[in-house]
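In what follows, a single structure is set out as structure tokens and then discussed.
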Amino acid sequence: MNAETADGAEIRRGLNGVVTDTTAISKVNPETNSLLYRGYPVPDLAATQPFEAVAHLLWTGELPDADELAEAIRHERSHRDLAPQVRAAMDSLPITCHPMDAVRTAVSVLGALDPAAQDSSPEAELEKARCLYAQLPTVIAYEQRRRRAGGPTEPIAPREDLDYSQNFLWMTFGEEAAPEVVDAFRISMVLYAEHSFNASTFTARVITSTLSDMHSAVTGAIGALKGPLHGGANEAVMHTFDEIGIRPEESEAEAKARAKAWMEDALAQKKKVMGFGHRVYKHGDSRVPTMKQAMDAMIAHFDRSEVLGLYNGLEQAMDEAKGIKPNLDYPAGPTYHLMGFDTELFTPLFIAARITGWTAHVMEQRAANALIRPLSAYTGPDERPVPGA
Ligand SMILES: CC(=O)SCCNC(=O)CCNC(=O)[C@H](O)C(C)(C)COP(=O)(O)OP(=O)(O)OC[C@H]1O[C@@H](n2cnc3c(N)ncnc32)[C@H](O)[C@@H]1OP(=O)(O)O
Ligand SMILES: O=C([O-])CC(=O)C(=O)O
């Protein structure tokens, strides 16, 4: 819904359609329904690359060669531990708080503890990015365990013999995940890693543009990601599935019929259903086919065809009624559910992936900074006297 100011300037609400800057990090192309990270098609990266290589690509602009990848893997594995103050801060929070609040707090503490927090040189920023990416799985896995334990608990220590995805699942569940599960998890990380000027990345760039520090930018970005119109949608998708009812004894067709009826009713009530629609993609999210394949693999692995019934029922009814397509959060939610994560942990998993994109944007913004400060059209009262002045 755009408007005009009194002197004819156009107002683009929500910055809809406004190009605010350039970026060399990723290209979202709704015309061809494609997404490139540094020029590489993301489905091809998801099919072939470890998440460790994609992180390196986003930060440096190039895929690592064998030596660089070995070094990236070594760095990630040796920077997973948390300072005791981080766990103490998390333990001081009630488990009734949302895990996004706990992760946001942990990042804030990590920033406060970092002796290089105010050093924004490219070398210091890259090191901060790599450390945050290595530490966030430890934070998130601990938050999952703390919630399940009902309060402070012993974390499961990271294992240096496991890669990023294997170790993430190990620290969360205390057992080695099946290779199919590890691969689906890795794919989700690659797909969630980066998406140009989305709301959370833009938030990180706005904060950086004031010459604030990287941890502050990431803390703000987490706040932006939490909302259900953005990353919070993956959690909201699962709440929809729960509201419809997940019945493992049910056939795929029965589940599909119930989901279709639920969606028809929701749309008749003019509800917004999370996991559908996108500001940029209007003909489908480029990442959904790859994530759907990963979800299908989990459905087959855990033998849960009723989840596919719910998925297809909602998608079909939305398409028939409004032609609105699913976004990445739609297949990601049920995938994380099947892997065993609590629903409230889904958006923190998005953080673990997007930390790579956010920090790449912080570095790009800083390298060619301009304070981000748009204008507004004033609609309050005309000038008037203060009583008694
Ligand atoms: C990884 C990500 O962050 S992807 C995004 C995750 N967010 C969600 O899934 C939340 C649900 N989706 C939405 O709210 C929207 O599609 C957004 C916010 C993502 C994009 O929205 P915008 O580009 O601002 O479009 P807007 O919200 O104006 O929608 C345009 C029309 O489609 C409808 N629409 C869009 N999405 C949905 C939806 N999920 N359910 C029902 N109707 C929808 C709107 O009601 C509107 O209809 P109208 O013109 O009759 O009023
Ligand atoms: O691009 C957006 O607006 C939201 C999105 O899909 C993402 O951040 O991955």
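Read the numbers this way: they start at 1 and go in the same order the structure lists the ligands and their atoms. A quick note: this is a predicted structure, and the numbers were derived from the prediction, not measured.
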Verify the ring-centre separation between F51 and F185: is it less than 6.0 angstrom?
no

May I ask you to identify, for E194, whether its side chain, its backbone, both or neither come under 4.0 Å of ligand 2 on a heavy-atom basis?
neither

Below 4.0 Å from any atom of ligand 1, is there a heavy atom belonging to K270?
no

For atom 10 (C) of ligand 1, find the nearest protein heavy atom and state the residue, atom name and distance (0.1 Å precision).
M274 SD, 3.3 Å

Counting only heavy atoms, tell me which of D329, I324, L328 gets closest to atom 43 (C) of ligand 1.
I324

Please check if any side-chain donor atom of Y192 sits under 3.5 Å from a side-chain acceptor atom of N234, or the reverse.
yes

Look only at interatomic distance and state if H230 has a nitrogen or oxygen under 3.5 Å from any nitrogen or oxygen of ligand 1.
yes

Is it true that the side chains of S26 and E194 contain a donor and an acceptor less than 3.5 Å apart?
yes

N or O pair under 3.5 Å between D285 and ligand 2:
no

Give me the nearest non-hydrogen protein atom to atom 14 (O) of ligand 1 as residue plus atom name, then the distance to 0.1 Å.
K272 NZ, 2.9 Å

Heavy atoms from other residues, nucleotides or ligands near NE2 of H239 exceed 12 (cutoff 6.0 Å):
yes

Residue portion contacting ligand 1 (non-hydrogen atoms closer than 4.0 Å) for H195:
neither

Nearest non-hydrogen protein atom to atom 50 (O) of ligand 1, with distance, is K322 NZ, 4.7 Å

For atom 9 (O) of ligand 1, what is the closest protein heavy atom, and at what distance to 0.1 Å?
G275 N, 2.7 Å

Does at least one non-hydrogen atom of Y330 fall below 4.0 angstrom from an atom of ligand 1?
no

Salt-bridge present (R74, E52; N to O < 4.0 Å):
no

Hey, is ligand 1 close enough to L267 that some N/O pair sits below 3.5 Å?
no

Which residue owns the protein heavy atom closest to atom 1 (O) of ligand 2, what's the atom, and how far is it?
H195 ND1, 2.7 Å

Backbone or side chain, does any N or O of K282 fall under 3.5 Å from an N or O of ligand 1?
yes

Only residue of T203, L225, L132 satisfying side-chain contact (heavy atoms from CB on, under 4.5 Å) with W358 is L225

Option with minimal heavy-atom separation from atom 41 (C) of ligand 1, where the choices are R279, K271, R287
K271

If the contact criterion is a heavy-atom separation under 4.0 Å, does R279 count as touching ligand 2?
no

Within the 3.5 Å criterion, strictly below it, is a donor on N198 or S200 matched to an acceptor on the partner's side chain?
yes

Could you check whether any heavy atom of P228 sits closer than 4.0 Å to an atom of ligand 1, since that is the contact criterion I want to use?
yes

If I apply the N/O under 3.5 Å rule, does N16 come out as touching ligand 1?
no

Do any nitrogen or oxygen atoms of L229 lie less than 3.5 angstrom from nitrogen or oxygen atoms of ligand 1?
yes

If you scan protein heavy atoms around atom 36 (N) of ligand 1, the nearest is F276 O, 3.8 Å

I need the atoms of ligand 2 closer than 4.0 Å to a non-hydrogen atom of H278, numbered in the order shown.
1 (O), 2 (C), 3 (O), 4 (C), 5 (C), 6 (O)

In the protein, which heavy atom is nearest to atom 8 (O) of ligand 2, and how far is it?
R354 NH1, 2.8 Å

In this structure, CG of L45 is separated from CG of L57 (nearest 0.5 Å) by 6.0 Å

R287 neighbourhood, listing ligand 2 atoms whose heavy-atom distance to it stays under 4.0 Å:
5 (C), 6 (O), 7 (C), 9 (O)

